[in-house]
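Some notes on the structure that comes next.
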Amino acid sequence: MDHFLYRNGQLHAEDVPLSEIAAQVGTPFYCYSSATLLRHFHLFDDALSGMDHLVCFAVKSNSNQAILKLLADQGAGMDVVSGGEYARARAAGVPGERIVFSGVGKTRAEMEAALTGGIRQFNVESEPEMQALSEVASSLGVSAPIAIRINPDVDAKTHAKISTGKSENKFGIPISRAREVYALAASLPGIEVVGIDVHIGSQLTDLEPFRAAYQKVAELTEQLRAEGHQITRLDLGGGLGIPYTRSNEAPPLPHDYGVMVKETVGHLGCEIEIEPGRLISGNAGIMVTKVIYVKSGEGRDFLIVDGAMNDLVRPSMYEAHHDIVPLREPNPGVEQQPYDIVGPVCESGDTFAKQRDMPPLVAGDLMAFRSAGAYGAVMASEYNTRPLIPEVLVQGDQFAVIRARPSYEDIIARDIVPDWA
Ligand SMILES: *Cc1c(COP(=O)(O)O)cnc(C)c1O
């Protein structure tokens with residue numbers, strides 16, 4: 001459920017007509033709903049009630065300071081995958097004790113920044129990384145709390161580019177080698193083992209792969225404890241999917257996920273961490289764009305819109321589907337017609353949808369790409385020297401620009417022409 005609904009024939013974000021925002025900030029832009037973000041966070045928080053737990057928002061899905069602060073103020077932790085994300089979380093006021101550092105290639109500089117600034121735990125993904133962390137922590141005279149990311153070799157049954165828990169993926173340590181790697185961890189100075197970490201992929205629409213992975217984590221917990229390791233925390237990753245179409249998809253709800261977590265690992269008495277990104281931010285955001293031209297092609301009509309693949313890359317990168325709706329509510333019973341919906345970038349890949357049924361549209365009409373709050377703005381680029389598009393946050397009847405559109409001058413001023421050129 002989200003808070004982007006038609007009212008009086010106009011698509012609103014909570015109580016604000018989106019056409020009003022478009023008139024003030026121009027198109028294209030991203031718009032997020034505070035109520036939706038908070039609702040999704042609390043669904044997870046409630047789903048794990050009764051267990052000691054921390055919901056760590058996956059910052060990579062949407063890293064705007066205003067979004068991080070909104071969630072942190074409700075008690076959310078953060079899962080970060082780079083020094084930049086760590087700095088963002090700290091700048092948004094998140095205490096180090098609520099930040100988990102994930103990622104397959106943390107550098108020594110990133111480790112040092114997190115150890116100095118405060119960190120809840122590092123999720124370590126390889127032996128060389130653990131060696132490096134041991135050296136960095138020792139040189140600072142501190143000890144680094146770690147969980148080791150194990151790769152449980154389960155098939156998440158999701159898009160290949162966002163599946164991470166198969167043995168052929170680059171992530172984590174094969175579960176078959178977990179015990180020897182934990183033994184190494186116990187022997188290293190500056191390393192304090194606190195738990196086990198697992199994350200098998202993104203946009204999972206079935207609980208069974210999670211269940212299979214968490215059962216393996218539960219077994220491993222008992223083995224490791226028998227070998228003398230202190231396993232007090234389980235980080236179960238993110239990845240719960242969202243409905244991208246309003247029609248037929250019904251991925252499991254956070255409540256059902258919570259029940260499954262209790263069933264698989266509840267008996268171990270561990271503190272539970274989860275790292276949802278998409279389910280919190282995905283349906284809490286839309287991208288609003290304007291039709292520039294309607295072009296009649298050979299046997300098909302194109303809607304050329306002012307948003308493009310550089311603003312929202314998911315369709316060209318993952319063949320992702322986004323529902324696309326006009327801001328003006330179509331009259332009931334209006335005859336739809338198929339359009340190819342494309343952006344202005346000079347790539348055939350700059351296609352959002354092919355033969356998508358839409359009510360008839362004309363140049364100047366505004367449309368919204370739904371479910372664009374996760375992996376939207378964060379993956380944007382300035383390809384074709386198209387400025388990063390603004391982000392707007394709505395709360396009730398108020399809205400604020402939370403990232404402004406840079407001017408061409410801003411963009412050009414970042415380049416430096418050497419005096420010998
Ligand atoms: C991407 C990622 C997440 C978030 O995944 P979602 O599908 O957005 O919930 C969580 N943890 C790790 C380690 C990740 O890489």
>> Applying side chain to side chain donor-acceptor pair (under 3.5 Å) to E391 and Y32, what does each step give before you reach the verdict?
In response: CA-CA 8 Å; E391 295 175 276; Y32 310 120; 2.5 Å; yes

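- A donor-acceptor pair is defined here as one N or O able to donate and one able to accept, closer than 3.5 Å; no such pair exists between the side chain of D311 and the backbone of I389.
- Ring pair Y257/F44 is perpendicular by interplanar angle, where above 60° counts as perpendicular and below 30° as parallel.
- In this structure, S33 contributes its side chain and A284 its backbone to no donor-acceptor pair below 3.5 Å.
- Shown here for T289 and D306, the closest heavy-atom pair between the two residues is OG1-OD1, 2.6 Å.
- In this structure, the side chains of P252 and L240 come closer than 4.5 Å at one or more pairs of heavy atoms.
- Residues meeting the salt bridge (Lys or Arg N to Asp or Glu O under 4.0 Å) test with E219, sequence neighbours left out: none.
- Between G96 and R90, the closest heavy-atom pair is N-NH1, 3.6 Å.
- The aromatic rings of F122 and F101 lie parallel to each other, their planes meeting at an angle below 30°, with 60° marking the opposite boundary.
- At a threshold of 4.0 Å, the pair D410-R414 does not count as salt-bridged, since none of the basic side-chain nitrogens sits closer than that to a carboxylate oxygen.
- Of the possible donor and acceptor atoms, one in the side chain of R405 sits under 3.5 Å from a partner among the backbone N and O of G26.
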>> Run the side-chain contact (heavy atoms from CB on, under 4.5 Å) test on E273 and Q121 for me, step by step, so that the C-alpha distance in whole Å, both residues' side-chain angles and the decisive distance to 0.1 Å come before the verdict.
In response: CA-CA 11 Å; E273 293 162 351; Q121 116 213 354; 2.9 Å; yes

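- Looking only at distances, a side-chain donor or acceptor of D340 sits under 3.5 Å from a matching main-chain atom of Q355.
- Using a cut-off of 4.0 Å between Lys/Arg side-chain N and Asp/Glu carboxylate O, D15 and R7 are scored as salt-bridged.
- Remark: L115 CG to R108 CZ distance equals 12.5 Å, nearest 0.5 Å.
- When side chains are defined from C-beta on, I67 counts as touching L393, because their heavy atoms get closer than 4.5 Å.
- Counting heavy atoms from C-beta outward, E335 and Q337 have side chains that stay 4.5 Å or more apart.
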> Which is it for R149 and E129 under the side-chain contact (heavy atoms from CB on, under 4.5 Å) test, yes or no, and what are the steps along the way?
Replying inline: CA-CA 12 Å; R149 178 167 177 181; E129 186 195 8; over 6 Å; no

>> Is there a side chain to side chain donor-acceptor pair (under 3.5 Å) between E347 and Y383? Walk through the geometry before answering.
In response: CA-CA 11 Å; E347 305 249 358; Y383 186 38; 2.6 Å; yes

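- Defined by atom type and a distance below 3.5 Å, a donor-acceptor pair is present between the side-chain atoms of H321 and R356.
- Ring planes of Y214 and F210: tilted class, angle from 30 to 60°.
- Here the closest heavy-atom approach between residue A213 and residue V198 is recorded as CB-CG2, 4.5 Å.
- Taking all atoms of both residues into account, the shortest heavy-atom contact from E382 to N310 is CA-ND2, 4.5 Å.
- A distance of 11.5 Å separates CD1 in I341 from CG in D301, rounded to the nearest 0.5 Å.
- Within the model, atoms CG of L71 and CZ of F41 stand 7.0 Å from one another, a figure rounded to the nearest 0.5 Å.
- For H3 and T36, the side-chain atoms include at least one donor-acceptor pair closer than 3.5 Å.
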>> Run R370 and D2 through side-chain contact (heavy atoms from CB on, under 4.5 Å) and show every step you take.
In response: CA-CA 10 Å; R370 300 181 59 91; D2 60 51; 2.6 Å; yes

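- A distance of 4.5 Å separates NZ in K262 from OG in S49, rounded to the nearest 0.5 Å.
- Between the side chain of H53 and the backbone N or O of I272 there is no donor-acceptor pair closer than 3.5 Å.
- The 12-atom threshold is exceeded at OH of Y6, counting heavy atoms of other residues, nucleotides or ligands nearer than 6.0 Å.
- The two residues F57 and N62 come nearest to each other via the heavy atoms CE2-O, 3.3 Å.
- Across every non-hydrogen atom of V124 and S126, the tightest pair is CG1-O, 3.5 Å.
- To the nearest 0.5 angstrom, N283 atom CG is 4.0 Å from I242 atom CD1.
- Between the side chain of E14 and the backbone N or O of S34 there is at least one donor-acceptor pair closer than 3.5 Å.
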> Is there a side-chain contact (heavy atoms from CB on, under 4.5 Å) between S102 and H199 once you walk through the steps?
Replying inline: CA-CA 10 Å; S102 299; H199 169 75; over 6 Å; no

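- Note that OG1 of T27 and CD1 of I21 are 12.5 Å apart. Values are rounded to the nearest 0.5 Å.
- Open room surrounds NE2 on H255; 12 or fewer heavy atoms of other groups in view lie less than 6.0 Å from it.
- The shortest side-chain heavy-atom distance between P344 and D350 falls under the 4.5 Å cut-off.
- Defined by atom type and a distance below 3.5 Å, a donor-acceptor pair is missing between the side-chain atoms of N123 and E125.
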